[in-house]
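Convention: sequence-line order gives letters A, B, ...; per-chain numbering from 1.
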There are 2 protein chains.
Amino acid sequence: MGSRSEVAQQSEKPQRAPTLANVAERAGVAISTASRALSNPGRVNAVTRGRIEKVAAELGYSPNWQARALTSGKVGAIAVLVSDVTNPFYFGIIRGTQRQLKASGYSQLLIDTEESDQNEDDLLHRLRSSFDGVILAASRLSDRALAKLADELPLVAVNRQTRGVPSVFIDTPSGVVQALEHLVSLGHRDIAYVSGPATSWSNESRWRALVKAASARGATMHRLGPFSPRLHAGAAAADAVLNTGATAAIAFNDLLAIGMLQHLAARGVRVPEQLSIVGCDDIFGADFCNPPLTTLTAPVEQAGRLAVTMLVAQLDGGSAPGQRQASVLPTYLTVRSSTGPAAEKEI
Amino acid sequence: MGSRSEVAQQSEKPQRAPTLANVAERAGVAISTASRALSNPGRVNAVTRGRIEKVAAELGYSPNWQARALTSGKVGAIAVLVSDVTNPFYFGIIRGTQRQLKASGYSQLLIDTEESDQNEDDLLHRLRSSFDGVILAASRLSDRALAKLADELPLVAVNRQTRGVPSVFIDTPSGVVQALEHLVSLGHRDIAYVSGPATSWSNESRWRALVKAASARGATMHRLGPFSPRLHAGAAAADAVLNTGATAAIAFNDLLAIGMLQHLAARGVRVPEQLSIVGCDDIFGADFCNPPLTTLTAPVEQAGRLAVTMLVAQLDGGSAPGQRQASVLPTYLTVRSSTGPAAEKEI
DNA sequence: AAACAGATGGCAAACGTTTGCCACTCTGCT
DNA sequence: AGCAGAGTGGCAAACGTTTGCCATCTGTTT
């Protein structure tokens, strides 16, 4: 058997973690009193409480979350669903949720849905009892399914606007218009939009915002894709852009944009002289790629934090349906070196 | 399709999740039978089982993990501790653990210790009941504390070699020697090592490997730091290197290396013409920074997966003490453009 | 002196599982 | 006939908490 330390030497106890019963016994009180001393301090005499606390500390007691969950219904954990742990965009979200959750005393259950709505729904129901609430970062669920889900459990969606679903929305659609203005002011008239996954809600809303804004500014948009929102998809995307004859491209996200940059460099197309590129999100790396990427800076970490704050409020405030709200976080354009004056059109 | 909706539509029940009792009642069997039908299929008649399974599906039953944990002692979750969620190095680990955990049917509890050993120990004890085992990615714990912990709970350490502690070790020390060879072959004789956090075990072992290898190859090592393993610390690190007069530098990690690249570019120092830079880890971005970074490619994701595999084996195999093992994963040098022939020494 | 209120502590019933043990019903065998 | 043994199903006791309710004790008010 594994040679534990002191205690095990003597008696061959299985070394179970100390329970409330142990504390109570050693302090000479009933379990209920011990429980109250630790979680409802006002309810018990100061001196008794002191004794109990002392014993608890000696024994290194810490409450069993499982058992507690059984009666209280609260498990003290929140699930964070991302559609792809691999995507740096989510790192920012995760960072934000992690920090805020910790500050609120919750644990973070990280779940990767692998871009599948089926998976998303399944996992959520299978693990229903393991968390108090959910943060859906870029859910692939349909509006209908999402609304239904929001009815069944406490939830905050990130980057999603659906009636009746509390959400934190990073306003890239209006940011993307800033990008358009920037390009138009540099003389670009033919602009490509390199779109992301077909199931992405953000993708759609960005495109709509672009078309609308473009016509008012005398620019023509070309929609390309869908492309996988990954680095390696940038190659195909870059080639597609080249074919349209557009002088600038706005990509669904920075991953695609950086991938394009790489491929363009390999093909000898100069950025921004021959083609301007704009990304979305300002992920890690956007500032040190070559050339540094002009992109929409999204307050991703803040979004994660805010989502947690809203969710926790929802949990504590007893899901008052009126409290449902949607926050909007602004984005702004960060101009770096991947955009420049439009190339002369060769006639 | 939505098999869950029907019931809820009708009555305004508090919408509690269906329990085994509900299933049993509706199937006309005892709770124990229902339990066995679902988790110990051989123990109950095929036709009864069929009926129970059908009812369970209808009701959308899924077992309560908390309750199950109470009797079985298994919660179905594994904690992954990282010292800083912000650090891209851990993204690889997290990605690996996430995938393998999912495949093994476990959930992932992600915990950020914020570089504090105090935090690490605390959190682990407070949450002890919420996970079955732990993966410590780059623990800041002392060898002694770590060994003690490994005795108390199932654990696998990543990038740490301590007697009696199962671990996955990414062999950067020998990789770093490859880097040294590379630099020496390019004519470098004065080489700086830009070290990371003082508490980092890897940092120490890399330095030792370097000194040892350097003397045999007639090169001189300069130790600088400690520096925070962050991008922004690269500026200070770069200046420090410049002061030593070294013609090449090996950085504790890519973050530092890329930070140095940025600062050097700003100062007008050409890489690799005037100074060669080598990083460690080959994180996201190392291939597209400017210039692309020569670095030690570490199989990070694989390390995460392997750690999970080992941990799960430990959990299932009932902590056979003999099974304790340490795996070593090799690294290799990926040469890109941040290294080149040594600059002529101006006399 | 009686009655009352507040403070304090204990009993026991939940919460939703798993599982050891017992009871019953069949077969098939001696 | 009697019975061993397998195949099924149920009872009830855990697991470690929380919490409603009751009992006791103390001091205060009438």
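Between D:dG10, C:dG10, C:dT18, one nucleotide has an atom nearer to the side chain of B:Ala30 than all others, and that is D:dG10. For B:Ile31, counting side-chain heavy atoms from C-beta on, the closest listed nucleotide (C:dG16, C:dT17, C:dC21) is C:dT17. Nearest to the side-chain atoms of A:Thr48 among the listed nucleotides C:dG9, C:dG20, C:dG10 stands C:dG9. Here the nucleotide nearest the side chain of B:Ser32, chosen from D:dG10, D:dT18, C:dT17, is D:dG10. Nearest to the side chain of A:Arg43, among C:dT17, C:dT8, D:dG10, sits C:dT8.
Put simply, CD on A:Glu25 is 16 Å from C1' on C:dG10, counting in whole angstrom units. Between the CD atom of B:Gln66 and the C1' atom of C:dA14 there is a distance of 17 Å, rounded to whole Å. Distance CG (A:Asn40) to P (D:dT18): 10 Å, rounded to an integer number of Å. What separates CG of A:Leu38 from C1' of D:dT19 is a distance of 15 Å, to the nearest Å. At whole-Å resolution of the value, CZ in A:Arg36 and P in C:dA7 are 15 Å apart. C:dG16 atom P lies 19 Å from atom CH2 of A:Trp65, rounded to whole Å. Rounded to whole Å, atom C1' of C:dG10 lies 14 Å from atom CG of A:Leu20. Atoms CG (A:Leu70) and C1' (C:dT17) sit 8 Å apart, rounded to a whole Å.
When atom types are taken as modelled, the side chain of B:Ser167 and the backbone of B:Phe169 share no donor-acceptor pair closer than 3.5 angstrom.
With respect to B:Glu152 and B:Arg128, no salt bridge is recorded, no charged nitrogen being found less than 4.0 Å from a carboxylate O. Note on B:Arg163 versus B:Asp143: no salt bridge recorded, every NZ/NE/NH1/NH2 to OD/OE distance being 4.0 Å or above.
In terms of heavy-atom proximity, B:Ser327 sits nearest to B:Leu306 at CB-CD2, 3.6 Å.
Looking only at side-chain heavy atoms (C-beta outward), A:Val134 and A:Ile78 stay at 4.5 Å or farther from each other.
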Output a table of nitrogen or oxygen pairs between the protein and nucleotides 4-7 of chain D separated by less than 3.5 Å.
none

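Side chains of A:Thr86 and B:Arg95: a donor-acceptor N/O pair is present below 3.5 angstrom, by distance only.
Applying the 4.0 Å criterion to OP1 and OP2 of C:dG10, one finds that A:Thr33 has a side-chain N or O inside that range. An OP1 or OP2 oxygen of C:dT18 is reached within less than 4.0 angstrom by a side-chain nitrogen or oxygen of B:Ser35.
Ring centers of A:Trp65 and B:Phe131: at least 6.0 Å apart, outside the cut-off.
Contact annotation: side chain of B:Arg68 to base of C:dG16, donor-acceptor pair absent below 3.5 Å.
Each of B:Ala67 and B:Gly42 was assigned the nucleotide of DNA chain D with the nearest heavy atom; the assignment lying further toward the 5' end belongs to B:Gly42.
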